[in-house]
Every structure is written in structure tokens, then in C-alpha cells.
Asker: 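I'd like to ask you about the structure that follows.
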Amino acid sequence: MNQQEPVYLIDGSAYIYRAYHAIAPLTNKSGLPTHAVYGFTNILLRVLREKAPRFLGIAFDVRGPNFRHEMYQAYKANRPTMPDDLACQIPYIKEIVAAHNIACLERQGYEADDLLASAAKKLAGQGHPVIVVSGDKDLLQLVSESITVWDPMRDVFMDPAAVRKKYNLGPEQLLDFFALMGDSSDNVPGVAGIGPKTAEKLITQCGSLDGIYQNLETISQAKLREKLLADRENAFLSRKLITLIEDLATPELQEYEIPEPNEEKLQELYTFLDFSRLVKAPQTTAVALETKGFHLVQTEKALQDICQQLSKGPVLVLDTETTSLDPLVAELVGISLCSTAEEAYYLPIGHRDSEGNLLANQLPLALAREHLTPLFSDPNLPKLGHNLKFDLPILESHGLPLSGPLWDTMLASYLLDPSRRSQKLDDLCLEMLGKRLTSFAEVTEGDKRPDSFAYVAPEAAKNYSCEDVIGAFLLWQRFHPQLEEFGLWKLFSSLEMALVPILVRMEQTGITVDQAQLQRLSEDFGLQLAELEKTIYALAGEEFNINSTRQLGEILFAKLGLPQGRKTKTGYSTDVKVLESLARQHDLPAAILAHRTLSKLKNTYVDKLPELIHPKTGRIHTSFNQTVTATGRLSSSNPNLQNIPIRTPEGQKIRAAFVAAPGQLFLSADYSQIDLRVMAHYAQDPALLTAFRAGEDVHNQTAAEIFRVNPAFISPEMRRVAKTINFGIIYGISAFGLAAQLNLSRKEAATFIERYFAHYAGVKRFMEEIVEKARKDGFVTTLLNRRRLLPDINSSNKASREFAERTAINTPIQGTAADIIKLATIAATQHLTEKGLHAKLLLQIHDELVFEVPAAEIEATGAVVKEAMEGVMQLDVPLVVNTVVGENLAKV
DNA sequence: TCGGTTACGTAC
DNA sequence: GACGTACGTAACCGAG
């Protein structure tokens with residue numbers, strides 16, 4: 001018997017409103033608004049697809065006042081009546097429901113929620129499990145052993161345990177809880193001045209709303225008692241308003257059973273509404289990629305034939321489809337291959353039916369491996385893909401490692417224009433080729449499950465995946481000659497492509513954090529923050545949201561009358577500079593600053609890092625992005641391990657939580673002053689060249705010049721100022737910016753800059769020449785010929801032009817430094833392998849490489865790495881690398 | 001309620 | 001407007 005199959009009850013009206021508000025207005029060809037229908041249909045199809053329910057009902061509100069309005073005039077009075085452009089969509093929604101033959105629940109004078117409640121209670125009472133599909137908290141009052149609420153948007157199931165976890169209250173207590181709080185969006189009054197925290201406390205204390213009013217005298221806070229007394233009526237009225245009616249007549253179980261939908265009617269509706277994604281007949285438009293040469297490979301014979309064909313080259317284009325974006329858990333669903341723009345092949349391997357069973361008619365992995373290995377391991381056959389950093393570890397973990405030259409269209413595109421808004425395959429195909437590729441969302445029909453691709457039918461997957469390899473091939477035909485034309489081939493093949501497998505390995509390896517240490521830090525920071533919060537409220541004379549710059553500005557400048565500093569677009573700036581300057585006049589700014597620092601560290605690192613520990617490896621695996629920055633640097637995300645704090649003592653505590661594995665040590669090797677050395681080389685400035693060649697402290701030398709003192713008399717403060725100027729120069733500094741940075745007058749700053757350029761005249765000339773060249777060429781390059789376009793360099797808009805000028809100065813320096821560290825990354829890993837050393841590269845932080853090294857190899861590794869890094873490029877000044885060893889990141 | 005924008009702060 | 005390159009968090013806003 002199928003008694004245990006749940007009945008799904010959808011909160012139809014809620015999703016109509018949600019779709020109407022959340023989705024940008026859409027219309028069909030005849031101008032009918034359709035976005036609410038579209039959003040609703042998507043939710044419905046998602047439930048049908050993901051849950052394949054046998055029993056399903058959908059509840060709707062009926063327009064017009066209901067009994068709640070009679071009870072309380074203001075009920076939902078803040079809600080405008082249904083807008084016309086929504087009302088006109090309702091009939092189509094009903095038609096879609098009707099075409100699916102789904103039971104429709106509605107009744108004059110009641111809301112959808114009441115029908116859901118009545119139906120759910122009745123079915124549950126008959127022993128049928130019920131799943132209410134809704135994101136509305138008011139429905140949580142229904143939750144019981146047999147009634148669950150599912151919010152498909154967040155994919156959260158609320159059973160009694162989940163309710164208790166979220167609210168610290170049982171489902172039966174929620175009504176009273178919400179009654180106390182009220183709900184401003186529905187104009188449910190509640191008790192004024194009681195929010196979630198107080199409401200939770202009261203209900204926990206007294207058990208229920210009645211309990212609270214029966215035991216008012218036990219409530220110690222006089223203020224709170226007053227509030228409760230004053231709004232007693234409202235509290236009980238609120239409860240009535242949000243209590244759902246549970247005894248309306250609703251259908252019997254069998255009436256929810258859904259027969260086959262009326263496909264013809266549905267197609268007719270979708271066509272009329274212009275829901276092209278849902279219209280079955282494939283719509284071929286002028287821009288869609290031609291799909292007639294796409295083939296499914298489902299037999300060994302076919303596989304043999306295509307391998308034979310593909311082995312002829314001249315290149316093997318490939319793309320993998322998987323169950324996850326995380327290569328550590330991703331399983332192969334399919335592989336697409338091509339070597340011409342005409343024919344492409346899709347090998348289905350891991351497709352599943354809705355029950356999760358592997359489909360028949362697929363190639364067993366072992367068989368695919370047997371035939372593909374000669375192809376994939378052919379050292380003379382180049383392998384082309386888009387973002388191979390993703391495919392490489394997937395193929396490797398499935399026993400299909402790649403050999404031969406690697407070519408990547410994403411990297412080619414990046415080198416041709418690193419500032420491109422998107423380097424995604426579909427965006428590039430559209431932009432460069434005018435060809436529209438099927439999106440992932442389309443092929444998975446919006447399925448939000450992480451492994452959604454496994455449930456795509458092989459035929460549809462074939463079309464999608466083959467488009468990708470053909471798209472990559474077509475892009476390559478365009479990019480390859482361009483790489484040659486712009487002298488980028490060496491940079492592409494020997495540097496960026498060589499880096500790919502190294503980044504794969506780094507991401508795979510990950511880094512260990514000491515979870516217990518972070519836990520302690522979290523508690524420690526939490527306590528300090530609570531103290532600071534008290535202090536801040538006392539100093540401010542009121543409670544407010546410390547994280548809100550707007551509220552803070554109000555307190556500092558309006559209430560306390562402190563002098564306003566800079567303004568931002570939206571109000572007064574309260575950034576660290578402003579607060580520091582206010583610290584002399586009042587204690588509040590300093591307390592805010594301390595709070596900011598701590599909460600930043602706690603929220604961004606201490607509390608976030610443990611969440612990112614991988615369940616499989618127990619380590620944290622960042623992504624190193626190779627096509628993001630405009631200058632050629634890498635970036636790091638999820639988490640960003642290139643901005644782990646270092647400057648403050650609190651930051652050091654976080655660094656200390658990054659620990660080397662047992663028996664291993666961290667080795668950090670960083671370039672000394674790499675940016676300034678690159679600038680010295682570019683500028684050929686005698687003073688700078690001499691300083692670096694002599695191994696002098698360049699900040700000290702700058703200090704001596706700008707303060708016009710004997711080097712023996714330079715104070716730490718003077719050196720700090722000089723260091724700021726040295727960095728500022730690289731960024732294309734102005735007197736204004738330097739003054740702001742150092743709290744100097746503009747005149748003083750200007751004097752320092754003048755003296756700097758007087759001494760380092762070559763630097764000034766370099767800057768002028770590079771800007772001039774950028775004006776002429778429209779781009780700048782690095783020493784390895786990496787380019788960055790500067791479309792604004794001749795702009796008539798002064799601000800954008802000047803920005804481009806600063807970029808023209810900074811990019812060759814920052815970009816060359818990026819070239820150097822990338823060369824170093826390749827050289828260091830290669831030398832380590834050659835020497836049989838076992839160090840693993842974990843991090844690259846712009847001028848620094850961090851390795852995890854077996855303790856016994858630490859000295860040899862340090863020497864190899866240092867030598868490799870210092871020798872990668874011959875500049876006119878030496879490259880100097882310092883190495884440090886420690887068991888955690890605070891010590892390196 | 002949600003995605004986009006703004007302000008801010010961490011790194012090099 | 002004013003010092004370059006990133007990424008992430010929290011608040012806020014607009015949509016109606």
C-alpha cells in the first residue's frame with residue numbers, strides 16, 4: 001500500500017506574489033504580463049520534477065475581504081489591492097494548474113493558508129503524511145510528526161525538530177510567539193516593543209500567551225509588564241488573526257492523486273505565454289548553435305570509431321559534466337569531445353533516473369577509460385577546454401589523466417583582454433561569435449540540486465555538452481591566431497597553461513586550520529565584543545546598530561555634534577580615518593574602531609573558516625582564480641586565503657590557527673620589495689638601481705632624501721612616511737591622496753613628492769613615458785608582454801582619464817611582479833620535484849609562496865625554493881627572497 | 001523577500 | 001575626483 005506517500009500541498013497564492021515581486025517584469029509577444037505565471041510555473045514544475053508527488057493540491061486566496069478583515073479592520077490594510085498587471089495573470093495560472101489536472105483548493109472568505117491548514121489536518125488525521133510547500137512562517141504552526149513544511153526556495157524542511165532548532169520553541173508555541181511579536185507586513189499588531197528575543201523569553205518562561213497573562217506578576221521588568229498590559233487586547237487579537245482555520249471542507253485523499261497532465265494544453269499555454277524554455281518543439285533561432293552534428297556515444301563500437309576519428313587531431317576538445325562543482329566529490333556524468341567544428345560526441349556515463357538509479361545505455365567508466373586512455377595520454381595531441389582547472393582533477397580522479405599540451409580558451413581570452421566582464425564560455429560565444437549556447441539552468445530546467453546534471457536526459461545533455469566543445473573550438477580558432485599576433489603565445493603556453501596543473505594541486509591539497517583554536521577565539525572575541533557593545537551604548541547614550549554606518553553617523557555627528565569628515569554618496573563617512581581623527585575629542589570613536597576590527601575578524605575569519613573545512617579532507621580548499629584580475633595576479637576565493645590578517649595582534653591569533661600537518665612545517669618564501677625592484681628596472685633610475693644593488697634599505701634612503709637628513713638620523717616615523725610614499729608612487733599617487741593617507745597638509749605632501757621626484761628623476765620620467773605610450777597604443781604591457789587595455793586613456797572625462805593614467809603606471813609594475821611570481825611558482829615546484837623533495841605548495845600571496853614541508857626536508861627545501869625564485873628573471877636589480885619556517889602561519 | 005549597491009576592512 | 005589589485009560581510013534599497 002502507498003499509504004506512506006506524502007500529500008504535497010502548495011501555497012499557490014504566496015508563490016504568485018513572490019514571483020510577481022521577485023522577477024523582473026516579462027511580457028509575451030502580445031504584451032500580456034507573464035512574470036508571475038512564469039515564476040509560479042517554475043515552482044510547480046520544480047515540485048513535480050524533484051518530488052514526483054503522487055498526491056498534490058494547490059491552495060489559492062480568493063479575492064475580496066475575509067473573516068479576518070471583519071475581525072480587525074487594519075488587517076493587511078497596508079497591502080495594496082492586487083495590481084492589474086498581476087490580476088490579469090491569475091487566469092493563466094489557473095489554466096496551467098487545470099492542464100496539470102491538479103486539485104485546486106479555494107474558498108470565498110478564506111485565505112489559502114486556511115485551506116492548507118484544513119486539508120493538512122484532515123489528511124494527517126487520516127494517517128497520511130503531508131508536506132506543505134511554502135516559505136511562510138505562519139504555516140509553521142501546522143508542523144507536527146506528520147506535517148512538514150518545505151520551503152523550496154531555500155530547500156529547507158521544517159519538522160518539529162527543525163522548528164525547535166530555529167525558534168527554540170515547539171511548533172505549538174509558535175502561534176503565541178508570533179502573536180506577541182506581531183507582523184508589520186500584515187498589520188498584525190502584536191505587543192508594541194516586543195521583538196523576537198523578548199517574545200521567545202516570555203514564551204519559554206510562561207509556556208504560552210495565556211500563561212504570560214496569568215502570571216504577569218512574575219515578570220520582573222516593570223517596563224515589560226506595562227507593555228504587555230497595554231497591548232493585552234492586541235496580543236489576543238493577533239493570535240486570532242494568525243490562527244489558521246482547520247475545519248473547512250477539503251477534498252479526500254484520492255482527489256489529490258494527479259493523473260497525466262494535458263501536455264497538448266500545456267504546450268499551447270506555454271507557446272502563448274512565450275515560455276520558450278518550456279516549449280518542447282526545439283526553437284531554432286538564427287543565433288543558436290547548430291546541433292545536427294551532435295552524437296550520443298552509447299556503444300563500444302561507436303566509442304572505438306570516434307576515438308579513431310579523434311586521434312587524428314589536430315586538437316582534442318573536451319568538456320566534462322559532473323555531479324558537483326567541488327572536484328573532491330564530483331562524479332563524472334558525461335564527457336563531450338570534438339576535433340572539428342562540425343561533429344561532436346557525448347559519452348553518457350553517470351546519468352540517473354529520478355529514483356537515482358544509473359540509466360542503461362551508458363558507457364561503463366572502465367570501458368570509456370580503456371578506449372579514451374590512448375587519446376588522453378597522447379603526448380602529441382593537444383587538449384583544449386574551457387577552464388581546464390575544473391576538468392583536470394575530475395578526469396584524474398576517474399582514472400583519465402591528460403597528457404600533451406594543454407590549451408584553455410578561458411586563459412586565452414583572459415590574456416587577450418583581462419578586463420573582460422566575463423570569461424565564461426557562453427558569454428564569450430555570444431560576444432565573439434554571436435552564438436547563443438544553452439545555459440546550464442535551461443538544460444537542468446532550473447533544478448537547484450547540486451547534482452542536477454545527473455538527472456538530465458542524455459539526449460538533452462548531449463546537445464548542451466556538445467555545444468560547449470564546439471563553442472570552445474570556435475573560440476580557439478579565433479583566439480589562437482590572436483595570441484600569436486599579440487606575442488602572447490609564450491606567456492600563454494609556458495606560463496599560464498603551465499600554472500594550471502599546479503593550481504589544481506594547490507587547491508586539492510588545501511590547508512589545515514585548528515578548529516578548537518578558532519572556537520576559543522570565537523568565544524574570546526564574542527566576549528570582548530559584548531563588552532565593547534555595552535561601552536558603546538553607554539557612550540552613545542542609546543542602543544543602536546553599531547554596524548550601520550548611517551545610524552552611527554547620526555549618533556556621532558547629529559547627537560554628539562562631533563565634526564563631520566568626508567562625505568560619502570549616501571551620508572557621512574565613518575571609516576577608520578574619520579574615526580581616528582575624532583578619537584581625541586570623544587571616547588566613542590575608539591570604541592567603535594575596536595568593535596569594527598573585532599567583529600570584522602570574527603565574522604570574516606574566525607566564524608567562517610570552520611564552515612569551510614572540507615568533510616572529506618578536514619582541510620580548507622580555496623579556489624585560485626586565474627582569470628579575474630586586470631593585472632595578471634591570481635585571486636583567491638571561498639575563502640580568500642590571500643587576505644588572512646597579519647598586522648594586528650588579533651590578526652596574528654587567526655594566523656596561528658593555520659597549522660602545518662603533523663611532522664611538517666610551513667616554509668614561507670617572499671620576494672623582498674618586488675614592486676619597487678620592478679619599478680627600478682623599468683625606470684632605470686640610478687639612485688634606485690644603486691640602492692637595490694647595494695642591498696640598502698630603500699625606505700631609509702627615501703626618508704633621507706625627502707626629510708633631507710643624514711641616514712643615521714632617520715626615526716621610525718620618518719621611515720614609515722617614506723615607505724608610504726614609496727608605495728604611493730607605485731599607485732600613481734597625488735598630493736591629495738598622500739596627504740589624506742599621512743594626515744599631512746596637501747602642501748607638505750606636495751613637498752615630499754617634489755623631493756622624491758627630484759632625487760628619483762628616472763621614476764618621474766618612467767611615469768611620463770609609460771602614460772604617453774599608453775595614450776598612443778591604448779594599452780600597457782608587462783615585461784612578459786602581458787597586456788591590459790586602457791580604453792579610457794584618452795577620455796574627455798578627466799576623472800576616468802586620470803584613473804587610466806594611474807592604471808598605466810601601476811599595471812606594468814604590479815603585472816610584472818605577477819609574471820615573476822608565476823614563473824617562480826612553476827620553477828619552484830619543478831625544482832622540488834627534480835630534487836625528489838616532498839614539499840607541497842599551499843598558497844600564493846602575490847609576492848609569497850607558502851609550502852608545507854616534511855620537517856626533515858626543511859633546509860634543503862628552503863634553499864631550493866629561494867634559488868628557484870631568485871633566478872626566474874634577470875632584472876637590472878637583484879631579486880631577493882627571504883624564507884621563514886614555522887609550524888603555523890603566525891610564525892612565517 | 002531578494003538581488004544589487006554601498007561602505008567598510010582585510011591582504012599585497 | 002583625489003592611491004593600484006583583489007574578496008567578503010553587513011546594511012540598505014528598490015521593487016511594488
Side-chain angles (χ1 to χ4, degrees), chain A residues 14 17-25 35 79-83 85-86 135-136 151 153-154 185 418-419 545-553 566 568-579 593 596-597 599-605 607-608 622-623 625 628-648 650-651 654-655 670-671 674-675 724-725 727-742 746 749 788 797-803 805-815 817-818 821 843-848:
Chain A
Y17 273 99
R18 230 204 121 269
Y20 176 76
H21 289 301
I23 300 177
H35 51 296
R79 295 273 186 96
T81 52
M82 187 184 284
D85 65 333
L86 174 54
D136 187 347
D151 175 0
M153 304 312 294
R154 302 153 194 256
S185 66
S419 310
N545 185 343
I546 301 168
N547 294 321
S548 163
T549 48
R550 179 182 291 191
Q551 292 178 36
L552 177 61
R566 289 181 307 107
T568 65
K569 275 182 214 169
T570 53
Y572 301 112
S573 171
T574 64
D575 71 8
V576 61
K577 281 271 154 210
V578 173
L579 293 185
L593 282 172
R596 282 233 182 110
T597 311
S599 66
K600 172 82 178 176
L601 296 179
K602 184 167 189 288
N603 294 331
T604 310
Y605 304 102
D607 290 344
K608 216 14 77 83
T622 184
S623 296
N625 314 304
V628 169
T629 71
T631 55
R633 279 184 175 183
L634 296 179
S635 81
S636 156
S637 54
N638 287 310
N640 182 351
L641 293 185
Q642 292 179 322
N643 71 349
I644 301 300
I646 190 165
R647 290 168 202 193
T648 63
E650 287 82 10
I654 294 170
R655 276 188 100 74
D670 73 304
Y671 282 109
I674 187 155
D675 287 2
T724 304
I725 293 175
F727 279 114
I729 291 292
I730 292 166
Y731 301 149
I733 201 170
S734 70
F736 181 93
L738 185 65
Q741 180 77 13
L742 289 173
R746 208 164 149 177
R788 177 177 183 179
N797 179 322
K798 185 162 166 248
S800 14
R801 186 179 64 247
E802 288 181 343
F803 186 43
E805 288 168 1
R806 291 193 295 276
T807 311
I809 293 166
N810 175 260
T811 294
I813 299 171
Q814 190 183 118
I821 189 92
L843 304 175
Q844 189 260 49
I845 315 171
H846 310 311
D847 63 355
E848 174 187 15

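Quick note on labels: first sequence line is chain A, next is B, and so on, each numbered from 1. Atoms considered below: every heavy atom in the structure, side chains included; atoms not considered: hydrogens, waters and symmetry mates.
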Asker: What's the CD-C1' distance between Glu805(A) and dG1(C), to the nearest Å?
Answerer: 13 Å
Asker: Report the distance from atom OH of Tyr671(A) to atom C1' of dA11(B), rounded to the nearest whole Å.
Answerer: 19 Å
Asker: In the 5'-to-3' direction, what one-character label does each nucleotide of nucleotides 4-10 of chain C receive under the scheme B = base within less than 4.0 Å of a protein heavy atom, S = sugar-phosphate only, - = no such atom?
Answerer: BBSBBSS
Asker: In Å and rounded to the nearest 0.5 Å, what is the NZ to CD distance from Lys602(A) to Glu650(A)?
Answerer: 14.0 Å
Asker: Answer yes if the side chains of Ser800(A) and Asn797(A) hold a donor-acceptor pair under 3.5 Å, and no otherwise.
Answerer: yes
Asker: Describe the nucleic acid contact of Glu848(A) in one word from base, sugar-phosphate, nothing, applying a heavy-atom distance below 4.0 Å.
Answerer: nothing
Asker: Between atom CD in Gln551(A) and atom C1' in dA7(B), what is the gap in whole Å?
Answerer: 14 Å
Asker: Looking at Arg647(A), does any N or O in its side chain come under 4.0 Å of the phosphate oxygens OP1/OP2 on dA11(B)?
Answerer: yes
Asker: Separation of Leu552(A) atom CG from dA11(C) atom P, in whole Å?
Answerer: 13 Å
Asker: Checking all strands, does Thr597(A) fall into the base, sugar-phosphate, or nothing category for heavy-atom contacts under 4.0 angstrom?
Answerer: sugar-phosphate
Asker: Any base atoms under 4.0 Å from Lys798(A), or only sugar-phosphate, or nothing? Heavy atoms, all strands.
Answerer: base
Asker: Could you point out which residue of Asn625(A), Thr622(A), Asn643(A) forms a side chain to side chain donor-acceptor pair (under 3.5 Å) with Ser636(A)?
Answerer: Thr622(A)
Asker: Please confirm whether the backbone N or O of Ala808(A) pairs with a side-chain atom of Thr811(A), one donor and one acceptor, at under 3.5 Å?
Answerer: no
Asker: Under a 3.5 Å threshold, yes or no: a donor from one side chain and an acceptor from the other, between Gln814(A) and Thr631(A)?
Answerer: yes
Asker: Measure from CG on Asp575(A) to P on dT10(B) and round the result to the nearest Å.
Answerer: 11 Å
Asker: Please indicate whether Tyr572(A) has more than 12 foreign heavy atoms, meaning atoms of other residues, nucleotides or ligands, lying under 6.0 Å from its OH.
Answerer: no
Asker: When the distance from OH of Tyr572(A) to C1' of dA11(C) is rounded to whole Å, what number comes out?
Answerer: 19 Å
Asker: To the nearest 0.5 angstrom, please state how far the OG1 atom of Thr568(A) sits from the CZ atom of Arg550(A).
Answerer: 9.5 Å
Asker: Does the side chain of Phe736(A) come within less than 4.5 Å of Arg746(A)'s, by heavy atoms?
Answerer: yes
Asker: Can you measure Arg566(A) atom CZ to dT6(B) atom P for me and round it to whole angstrom units?
Answerer: 16 Å
Asker: Starting at the 5' end of DNA chain C, write a dot or bracket for each base, bracketing those in Watson-Crick or G-U wobble pairs whose two distances are under 3.5 Å and using | for partners on another strand.
Answerer: ...||||||||||||.
Asker: In whole Å, I'd like the distance from the CG atom of Leu641(A) to the P atom of dC12(B).
Answerer: 13 Å
Asker: With a 4.0 Å cut-off on heavy atoms, is Ile646(A) in touch with a base, just the backbone sugar-phosphate, or nothing at all?
Answerer: sugar-phosphate
Asker: Can you give me the closest heavy-atom contact between Ser419(A) and Ala630(A), atom names plus distance?
Answerer: OG-CB, 4.0 Å
